[in-house]
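Small disclaimer: the values here were computed from a predicted structure and weren't measured.
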Amino acid sequence: MDQKCNVSLLDAKKNIPAPPPLPRSMATAFRCKAEKNDPPPRRHSNVSSATRDLWEGLYNEGYKADVYISTDNGGIIYAHSIILAKASPVLKGMLKQANRHHHWRPISIFGVPHDAVRVFVRYLYSSCYEKEEMEQFTLHLLVLSHVFVVPQLKHECQQKLELDFLTIDKVVDLLQLSLLCDSPRLVLICRRKILQYFKVVSESEGWKVMKQSHPVLEKELLESLVEEENRKTKNMRRKNERMIYRKLYEAMDALVHIFSDGCRTIGPHDKDFKANQAPCCYAACKGLELLVHHFSGCKLRLQGSCVHCKRMLQVLELHSRLCVDPDQCRVPLCRKFKQGISRQRKKDNVKWKILVEKIFRTRGTVLAPCFQRQ
């Protein structure tokens, strides 16, 4: 009997329907899947095709429009005040101040072509535009989007100008417009372009016009050019200094290698030099080898008039400044120079310390054991 009850309970559990899904918000409950045959969305549109067509139709038909916009050459564009006020705070303020004529609110947008205003108002409705119209009126749309505070359109105009309008002939004009429209990124890109191709840009017609109309801007660009040249010179000098300090360290490392392990034709007295020995991996060895050979046989060394011998003594002294174990070091005169540091003039001692510090700083933490910081 108990077995029959258990079987019936198991059958009942199998027949229990699945619970309903958890409730979702209205924003995510209904999602429309795109049809496979639907055309791909336009690159210059930020809304769905159905929504775009709806607002395009409202704009084109002008159904129950209550605003007419006067443009250059007597052009008129009809629009809806609620759309304009919602899209632009500046247009909202203009509509509040506009005097009603029956049910119409007139506003004026002058100074740009009629078609540019038409493209601008269309963007306020549907957030889209034709590619050809954007290419034709990019500068005008940048001005309109800045004046009427439409950030999304302004951003798209800036991207378009960066990609297609930033040429040598137009970069000066674009810089001035970017300053007026408060586009810091575009200003920075234009300045870099001018400084990079200054010689060519300074011969363009835009530079000549800017020189007469905005001498202050010309002065700022020239000052920036001088600062850029100084910065490049300073960076090049630092790069050359780092290269010199790096080569000095490599020479010190090669010097230890010569007198500890031996290299080619020079080394410790117990070194057995072979004719078919492997090539040396130290680039500075060859020069140091010649310098050591000259130093050992020079007759002018004791008189102090040989330039090469003076250089060799400086190399040996620099090694002694870097060496941390002069008692065990096999480089000649290392211990002697180390003992003579205390008797050296303070001014010369400071110079050597600065040189050693710069060599260590250039090399970083990768140092040979005999040259570790104390």
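- Taking the six-membered ring wherever Trp is involved, the centroid distance between the rings of Tyr125 and His80 falls below 6.0 Å.
- Note: Tyr123 OH to Glu156 CD = 4.0 Å, rounded to the nearest 0.5 Å.
- Heavy atoms of other residues, nucleotides or ligands lying less than 6.0 angstrom from NE2 of His293 number more than 12.
- Nearest heavy atom pair, residue Ala79 against residue Ala65, reads O-CB, 3.3 Å.
- The two atoms that bring Leu255 and Leu288 nearest to each other are N-CD1, 3.8 Å, heavy atoms only.
- Checked against salt bridge (Lys or Arg N to Asp or Glu O under 4.0 Å), Arg100 has no partners two or more places apart in sequence or in another chain.
- Sparse packing is recorded around NZ of Lys92, with 12 or fewer heavy atoms of other residues, nucleotides or ligands lying under 6.0 Å away.
- Remark: Gln196 CD to Leu225 CG distance equals 12.5 Å, nearest 0.5 Å.
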Would you sort out whether Asp66 and Ser81 count as a side-chain hydrogen bond (donor to acceptor under 3.5 Å, both in side chains), showing the intermediate values? CA-CA 6 Å; Asp66 57 349; Ser81 60; 2.7 Å; yes
Go through the steps to decide whether Glu218 and Gln212 satisfy the test side-chain hydrogen bond (donor to acceptor under 3.5 Å, both in side chains), and finish with yes or no. CA-CA 9 Å; Glu218 182 205 12; Gln212 297 178 356; over 6 Å; no
Passes side chain to side chain contact (heavy atoms under 4.5 Å, CB included), Leu248 versus Met243? Steps please. CA-CA 9 Å; Leu248 283 174; Met243 183 176 63; over 6 Å; no
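- Rounding to the nearest 0.5 angstrom, the gap separating the CZ atom in Phe295 from the NE2 atom in His308 is 13.5 Å.
- Hydrophobic clustering (side-chain heavy atoms under 4.5 Å, transitive across Ile, Leu, Val, Met, Phe, Trp, Tyr) keeps Leu290 apart from Val315.
- Here CD1 of Ile359 is found 11.5 Å from CZ of Arg361. Values are rounded to the nearest 0.5 Å.
- A salt bridge between Glu228 and Arg231 is present, with a side-chain N of the basic residue lying under 4.0 Å from a carboxylate O of the acidic one.
- In the hydrophobic clustering of this structure, Leu142 groups with Leu179; members are Ile, Leu, Val, Met, Phe, Trp, Tyr whose side-chain heavy atoms approach within less than 4.5 Å, directly or through other members.
- Taking Glu229 as the reference, nothing meets the salt bridge (Lys or Arg N to Asp or Glu O under 4.0 Å) condition, with sequence neighbours excluded.
- No continuous path of ILVMFWY side-chain contacts below 4.5 Å connects Val209 to Val201, so the two sit in separate hydrophobic clusters.
- Leu141 has its side chain within reach of Met134: a pair of non-hydrogen atoms, C-beta onward, lies under 4.5 Å apart.
- Salt bridge present: Arg191 and Glu220 bring a charged side-chain N and a carboxylate O closer than 4.0 Å.
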So Thr138 and Gln159, side chain to side chain contact (heavy atoms under 4.5 Å, CB included) or not? Walk me through it. CA-CA 10 Å; Thr138 310; Gln159 287 186 325; over 6 Å; no
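- Annotation: Phe198, atom CZ; neighbour count of heavy atoms from other residues, nucleotides and ligands within 6.0 Å is above 12.
- Counting heavy atoms from C-beta outward, Cys323 and Phe337 have side chains that stay 4.5 Å or more apart.
- Taking both residues in full, the closest heavy atoms of Lys154 and His146 are given as NZ-ND1, 3.2 Å, listed atom of the first, atom of the second, then distance.
- Between Tyr249 and Thr362 the shortest side-chain heavy-atom distance does not fall below 4.5 Å.
- A distance of 11.0 Å separates CZ of Phe110 from CD1 of Ile69, quoted to the nearest 0.5 Å.
- Around atom CD1 of Ile82, no more than 12 heavy atoms belonging to other residues, nucleotides or ligands sit under 6.0 Å away.
- In the hydrophobic clustering of ILVMFWY residues, with side-chain heavy atoms under 4.5 Å counting as a link, Val187 and Leu177 come out together.
- No single ILVMFWY cluster, assembled from side-chain heavy atoms under 4.5 Å apart, contains both Tyr197 and Leu188.
- Taking both residues in full, the closest heavy atoms of Pro89 and Phe148 are given as CD-O, 4.1 Å, listed atom of the first, atom of the second, then distance.
- For the residue pair Leu124 and Ile83, the shortest heavy atom distance occurs at O-CG2, 4.0 Å.
- Within the structure, salt bridge (Lys or Arg N to Asp or Glu O under 4.0 Å) pairs that include any residue of residues 133-144 comprise Arg118-Glu133, Arg122-Glu133, Glu135-Lys160 (at least two apart or interchain).
- Contact check for Phe120 versus His140: no side-chain heavy atoms found under the 4.5 Å cut-off.
- For Glu223, the CD atom sits in a packed shell: over 12 heavy atoms of surrounding residues, nucleotides or ligands are nearer than 6.0 Å.
- Using a 4.5 Å heavy-atom cutoff, the side chains of Trp104 and Val67 are not in contact.
- For the pair Leu175/Leu221, a side-chain contact is recorded, criterion being any heavy-atom separation below 4.5 Å from C-beta on.
- When the shell of 6.0 Å around CG of Asp348 is examined, it contains more than 12 heavy atoms from other residues, nucleotides or ligands.
- Nearest heavy-atom pair, His114 versus Gly75, reported as atom, atom and distance to 0.1 Å: ND1-CA, 3.7 Å.
- One finds a salt bridge joining Arg335 and Asp327 here, because a Lys/Arg side-chain nitrogen approaches an Asp/Glu carboxylate oxygen to under 4.0 Å.
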Quick one, Leu318 with Val356, criterion side chain to side chain contact (heavy atoms under 4.5 Å, CB included). Give me CA distance, side-chain angles, the key distance, then yes/no. CA-CA 8 Å; Leu318 179 58; Val356 170; 4.3 Å; yes
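- With hydrogens and angles disregarded, a donor-acceptor distance shorter than 3.5 Å links the side chain of Asn230 to the backbone of Val226.
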Apply side chain to side chain contact (heavy atoms under 4.5 Å, CB included) to residues Asp173 and Leu139 and explain how you reach the verdict. CA-CA 10 Å; Asp173 297 330; Leu139 294 175; over 6 Å; no
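- Considering only heavy atoms from C-beta on, Met94 stays 4.5 Å or farther from Ser88 through its side chain.
- Looking only at distances, a side-chain donor or acceptor of Lys338 sits under 3.5 Å from a matching main-chain atom of Ser320.
- Remark: the Arg343 side chain and the Asn349 side chain contain no N/O donor-acceptor pair separated by less than 3.5 Å.
- For the atom pair CD1 (Ile107) and CD (Gln97), the distance works out to 11.5 Å, reported to the nearest 0.5 Å.
- A salt bridge links Glu162 to Arg185: one of the charged nitrogens lies within less than 4.0 Å of a carboxylate oxygen.
- Using a 4.5 Å heavy-atom cutoff, the side chains of Pro332 and Phe259 are in contact.
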